[in-house]
Amino acid sequence: MTVVPGKANSASLGEVPEPPISDGSVLVEGVLAGICGTDHEMVAGEFGTGRPGADRLVIGHESLGRVLQAPPGAGVSAGDLVTGIVRRPDPVPCPACARGEWDFCRNGRYTERGIKEMDGYGAERWRIDPYYVVPVPAELGALGVLVEPASILTKAWDQIDQVGARSWFRPEHVLVTGAGPIGLLAALIAVQRGHTVHVLDLATDGPKPQLVRDLGGQYLTELAELDVTPDVVIEATGAGQLVVDCAKLLPPAGVMCLTGISPRPSSIDVPMDALIRQLVIRNAILVGSVNAAKRHYADAVEVLRAADPAWLGRLITRTVPLSDWPAALVRERDDIKVVVDLQA
């Protein structure tokens, strides 16, 4: 799965050399690669940086693979299912990267598999350093491809907890905006934590409404349908007007975590003075969250293990063979999570 960074519509199936030993001592056979909005942006030429000196970049940062070779003490053995952590700390390193919090890199010199200056996991074989390998329990099987996106949400909930800890904080009602993979995984974690959940999305049919209801949540197509005050909002659309509208709903000490980025910047008219006054008076907070640290991947594995595998399986709505992987980039009506079978 390759692209030419910065060049639109350059997605192709390319022949690449065997992964270099410099990528790590663990050799992995690719099983599945998930496709997300970041991949779409890279294929559009709007995002991504290639490996220095290379014309093409292997993309794919949502990974599932099977270990072919691993040195003693690597923590994994041949035959184990694994996923790979995406980000690597900058070489300086900055204070955040030095503590293993590379998702908070302060100088922007981090690298990322399949996104920024490092080939990704969208290949028949890839290598990885043992430190960045995340073991996937065998019982998860193909659902292990959801570990990386789930780590985004375990990190988001970690941020919500840390922000909420500034005062007494026992959230009851959670609003999730957007019922894509990120929003549905956010809702899953909220349910696992014992919260009542409302999920807002534009879809009126297809799999999304029933997926939310099967979690025990309430599915909304308009914000006006919300009949509670959300203590926590997890925003997964990046739509500016919706962010503003949800911020107005926050109660005292409420927290909104922004996880979505709009692919197309737009301008909206916002009475900022009134909004700021409301946020300040209520001690409410908006916090952005992206990427994940190593501990969040381990948390993601536990979230997936605790979930109903049949429900998780319904998140993967389409599987495309590697031989035709650009077809995964064509959005179909009921798509939620599209994955590429790296062995087909």
Side-chain angles (χ1 to χ4, degrees), residues 1-16 30-51 54-65 83-84 86 112-126 142-152 178-185 201-203 206-208 211 236-239 259-266 290-291 313-344:
M1 296 166 52
T2 69
V3 299
V4 177
K7 182 179 179 180
N9 303 316
S10 62
S12 69
L13 181 65
E15 291 287 339
V16 296
V31 176
L32 294 172
I35 298 295
C36 77
T38 298
D39 299 304
H40 283 271
E41 290 180 30
M42 295 183 67
V43 170
E46 300 171 354
F47 194 68
T49 308
R51 184 192 287 263
D55 295 330
R56 303 189 70 87
L57 176 71
V58 177
I59 67 169
H61 59 278
E62 298 181 3
S63 64
L64 178 67
T83 190
V86 177
E112 290 179 318
R113 297 293 299 255
I115 301 174
K116 185 175 184 284
E117 301 176 21
M118 293 185 73
D119 280 335
Y121 302 120
E124 292 175 312
R125 286 179 296 279
W126 39 271
L143 299 177
V145 76
L146 298 174
V147 170
E148 192 280 337
S151 76
I152 302 300
I182 295 298
L184 289 169
L185 288 168
D201 195 270
L202 294 175
K208 293 179 179 180
L211 280 163
T237 71
T259 65
I261 300 175
S262 174
R264 298 287 183 271
S266 60
V290 69
N291 207 266
R314 290 158 59 198
L315 298 187
I316 302 174
T317 49
R318 191 157 53 98
T319 301
V320 175
L322 176 61
S323 59
D324 190 32
W325 84 266
L329 301 165
V330 180
R331 287 190 169 97
E332 297 188 359
R333 185 171 180 271
D334 290 336
D335 278 347
I336 297 178
K337 171 56 64 181
V338 179
V339 301
V340 177
D341 184 343
L342 298 174
Q343 300 180 333

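Just so it is clear, the model here is predicted, and its values are computed rather than measured.
- Nearest heavy atoms, A33 versus M1: CB-SD, 4.1 Å.
- A pairwise comparison of heavy atoms in A11 and V3 identifies CA-CG1, 4.1 Å as the closest pair.
- Residues V147 and L64 fail the side-chain proximity criterion, which asks for heavy atoms closer than 4.5 Å.
- In this structure, D201 and A203 approach most closely via the heavy-atom pair OD1-N, 2.9 Å.
- Residues C36 and E62 have side chains in contact (heavy-atom distance under 4.5 Å, counting atoms from C-beta outward).
- Closest of all the heavy-atom pairs between I316 and L143 is CD1-CD2, 4.2 Å.
- Counting heavy atoms of neighbouring residues, nucleotides and ligands inside a 6.0 Å radius, atom CG of L13 exceeds 12 of them.
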Check the pair L57 / T49 against side chain to side chain contact (heavy atoms under 4.5 Å, CB included), numbers first and verdict last. CA-CA 8 Å; L57 176 71; T49 308; over 6 Å; no
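- Under the 4.5 Å side-chain criterion, counting only non-hydrogen atoms from C-beta, L185 is in contact with L315.
- Distance check: I261 CD1 to T38 OG1 gives 7.5 Å after rounding to the nearest 0.5 Å.
- With hydrogens and angles disregarded, a donor-acceptor distance shorter than 3.5 Å links the side chain of K337 to the backbone of I35.
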Walk me through whether V31 and Q343 qualify under side chain to side chain contact (heavy atoms under 4.5 Å, CB included). CA-CA 6 Å; V31 176; Q343 300 180 333; 4.1 Å; yes
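- Counting heavy atoms from C-beta outward, F47 and I115 have side chains that approach closer than 4.5 Å.
- R113 places a side-chain N or O within 3.5 Å of a backbone atom of D119 that can act as its donor or acceptor partner.
- The two residues P207 and I336 come nearest to each other via the heavy atoms CG-CD1, 3.8 Å.
- Side-chain contact between V58 and T2 is present, with heavy atoms from C-beta onward closer than 4.5 Å.
- Annotation: E117, atom CD; neighbour count of heavy atoms from other residues, nucleotides and ligands within 6.0 Å is above 12.
- Under a 3.5 Å cut-off, the side chain of D335 and the backbone N or O of E332 do form a donor-acceptor pair.
- Between the side chain of T319 and the backbone N or O of V339 there is no donor-acceptor pair closer than 3.5 Å.
- You'll find the side chain of D39 reaches within 4.5 Å of the side chain of H61, heavy atoms only.
- Proximity of H40 to L329: side-chain heavy atoms (C-beta onward) are separated by under 4.5 Å at one or more points.
- Of all heavy-atom pairs between L342 and A123, the closest is CD1-O, 3.5 Å.
- The main-chain N or O of G206 is never found under 3.5 Å from a side-chain atom of D334 such that the two would form a donor-acceptor pair.
- There is a side-chain donor-acceptor pair under 3.5 Å between R56 and S12.
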